Amino acid sequence: MSWEGVIRQYKKYLSVTKKTPVITLYEGNTPLLPATTLSREIHPDLDIYLKYEGMNPTGSFKDRGMTMAISKAVEAGAKAVMCASTGNTSASAAAYAARSGMKSFVLVPHNSIALGKLAQAAMHGAHILAIRGNFDDALKFVLQITEKYPVTLVNSLNPFRIEGQKSGAFEICDVLKKAPDYHAIPVGNAGNITAYWAGYLDYFNDKKISSLPKMIGFQAAGAAPIVLGKPVADPHTIATAIKIGNPASWKSAEQAAKDSHGLIDSVTDEEIIEAYQMLASLEGVFCEPASAASVAGVIKKAKAGYFQKGEKKTVVCILTGHGLKDPERAIDVSAKPIVIDANLEAIISQLGL
Ligand SMILES: *Cc1c(COP(=O)(O)O)cnc(C)c1O
C-alpha cells in the first residue's frame, strides 16, 4: 500500500471518522536511520537511531500534528487558523491551511525565527505578524484572540496536534518491531514529548509493544524552565525552536518523564552545536540546531555514566527539523569557502592531493 499520510495510516488511533476531510501532504513515514559511527563515538553499548523528522513535507515534525489540526478545523467549518510560533509551527500551519483553502495568521517573535521558516510561512500566504516580544508573549495573545474570535488555535494546545504527533511513536515501533529502551527528544513547548509518550502508551495498551521506553527530554540551558522548576522570563539559546520560557505542556511532559522512569535535563548551546556538527559530519544528517539537543543530551548522559555498560540498549533520538531551516547558523559554524582564481594550478594547490 502506498503511503498517504499519518491520518490514513493510523486512523484507528485518531479522532477521525468517515466524515473527516483528510487534509494531508503525505507527512510521516520518515526515515529511522541507524547511526553506527555516532553510536561508536558515544557509548559501546548503545544502538542509536535517528528519527529524521526533517524529511516531513515542510521540514519538521509539526506536519504530523498539523494534518490533524487542519483536517478537524475544516470538519468543524473553520475559516481561519492562528498560531504563535518559533517558526516551524507557522511554516506547517501556513502550508496545510493553504492546501485546505483556509486563511492562516501567525504571530512570531521578531528577529528570533530562522530564515527558512519565515520564507515558508510567507510563501504559503500566511498573514505574518512579528511582535516585539518572545514566543511566550505571542502564545498568550494568540490564546486570547482564538478564545474570542472565530479563528481556530493550531498550537499544540489544540488536542488534535498532540494526537497526530503520536504517529511518530507508532512508526518507530513499526520499524523496530518493539519500543526503544530510550527515547531522546528536544523539549520546547513540550507537546512532542507528551505526544510520543501517548503514542507509546496507545501501542502498549493495544499489545503492539510489550515494553515502554524511558523518555529523556532535553531543554536548552538558557531556556530550561522544567529543569529549573520555574518559568524563565527571558529565555535565550541559539536553538530558536526550543527557546521557550513557559511551556504549555509542562505538566504532561513532567508526567511522561516520571511515568516512564526517564528525565528532563538541559544541554548548553556549545553541546548543541557540537552534536549538530557531529550529526552532519559523521552521519550525513543535517538537522536544525534545536533537533541536535536530543543527541547532545545522550552524549551528556553517556559521559555522566547514565547508561549501563555491558548491556545493549536501543536509543531513538528525534531530529525534529531539517538543517536547511536555519542556513545562517550552519554557515556561521562551518568553514568558509576558499576563494581562488579560476586557474587549474590554483585549484590543485588547494587540494593537498
Ligand atoms: C517545535 C519544535 C521543537 C519543540 O517541540 P515541542 O513540542 O514544542 O516541545 C523542537 N525542535 C523543532 C525543530 C521544532 O520545530
Side-chain angles (χ1 to χ4, degrees), residues 27 30 50-56 58-66 69 83-93 95 106 108-109 112-114 116-118 120-121 135-136 138-139 154-159 161-166 168-169 183-199 215-220 223-227 235 237-254 256-257 264 266-267 272 275-276 279 285-297 317-326 329:
E27 62 293 313
T30 56
L50 309 170
K51 182 68 169 158
Y52 193 17
E53 290 290 277
M55 295 304 282
N56 275 298
T58 78
S60 86
F61 74 84
K62 299 298 197 299
D63 296 342
R64 297 180 180 278
M66 205 54 74
C83 64
S85 181
T86 59
N88 281 331
T89 299
S90 66
S92 188
V106 307
V108 298
S112 195
I113 94 166
K117 305 175 187 182
L118 197 59
Q120 289 176 288
F135 170 83
D136 302 283
L139 183 57
V154 293
N155 279 102
S156 57
L157 285 160
N158 178 324
R161 279 275 312 276
I162 303 284
E163 255 196 40
Q165 288 173 211
K166 294 190 301 186
H183 177 101
I185 186 167
V187 175
N189 215 19
N192 211 24
I193 188 171
T194 302
Y196 268 100
W197 181 238
M215 304 297 289
I216 54 176
F218 298 97
Q219 300 193 297
I226 301 179
V227 179
T237 167
I238 53 100
T240 50
I242 52 173
K243 188 174 155 188
I244 292 177
N246 191 11
S249 299
W250 184 324
K251 287 284 161 293
S252 52
E254 277 189 327
I264 295 178
S266 64
V267 283
I272 289 172
Y276 172 61
L279 281 159
V285 175
F286 188 22
C287 65
E288 66 172 282
S291 305
S294 58
V295 171
C317 294
I318 306 299
L319 301 184
T320 45
H322 203 288
L324 289 172
K325 294 274 192 177
D326 194 352
R329 181 63 56 189

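Atoms within each ligand, like the ligands themselves, are counted from 1 in listed order. Fair warning: this is a prediction, and the values are worked out from it, not measured in the lab.
In terms of the ring pair (Phe, Tyr, Trp, His ring centres under 6.0 Å) criterion, residue partners of Tyr52 (sequence neighbours excluded) are, by chain and number, His322.
Atoms CD and OG1, on Gln120 and Thr58 in that order, are 5.5 Å from each other to the nearest 0.5 Å.
When the options Ile244, Ile226, Ile242 are evaluated for a side-chain contact (heavy atoms from CB on, under 4.5 Å) with Val187, the one that passes is Ile226. With respect to Leu319, the side-chain contact (heavy atoms from CB on, under 4.5 Å) criterion is satisfied by exactly one of Ser291, Pro186, Ser60: Ser291.
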For ligand 1, list all ligand N or O to protein N or O distances below 3.5 Å, rounded to 0.1 Å.
| residue | atom | partner | partner atom | Å |
| --- | --- | --- | --- | --- |
| ligand 1 | 7 (O) | Gly191 | N | 3.2 |
| ligand 1 | 7 (O) | Asn192 | N | 2.8 |
| ligand 1 | 8 (O) | Asn189 | N | 2.7 |
| ligand 1 | 9 (O) | Gly188 | N | 2.8 |
| ligand 1 | 9 (O) | Asn189 | N | 3.3 |
| ligand 1 | 9 (O) | Ala190 | N | 2.8 |
| ligand 1 | 11 (N) | Thr320 | OG1 | 2.7 |
| ligand 1 | 15 (O) | Lys62 | NZ | 2.6 |
| ligand 1 | 15 (O) | Asn88 | ND2 | 2.7 |

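Between the side chain of Asp63 and the main chain of Glu27, no donor-acceptor pair closer than 3.5 Å is present.
Contact check on Glu53 versus Arg64 returns a salt bridge, with a Lys/Arg side-chain nitrogen under 4.0 Å from an Asp/Glu carboxylate oxygen.
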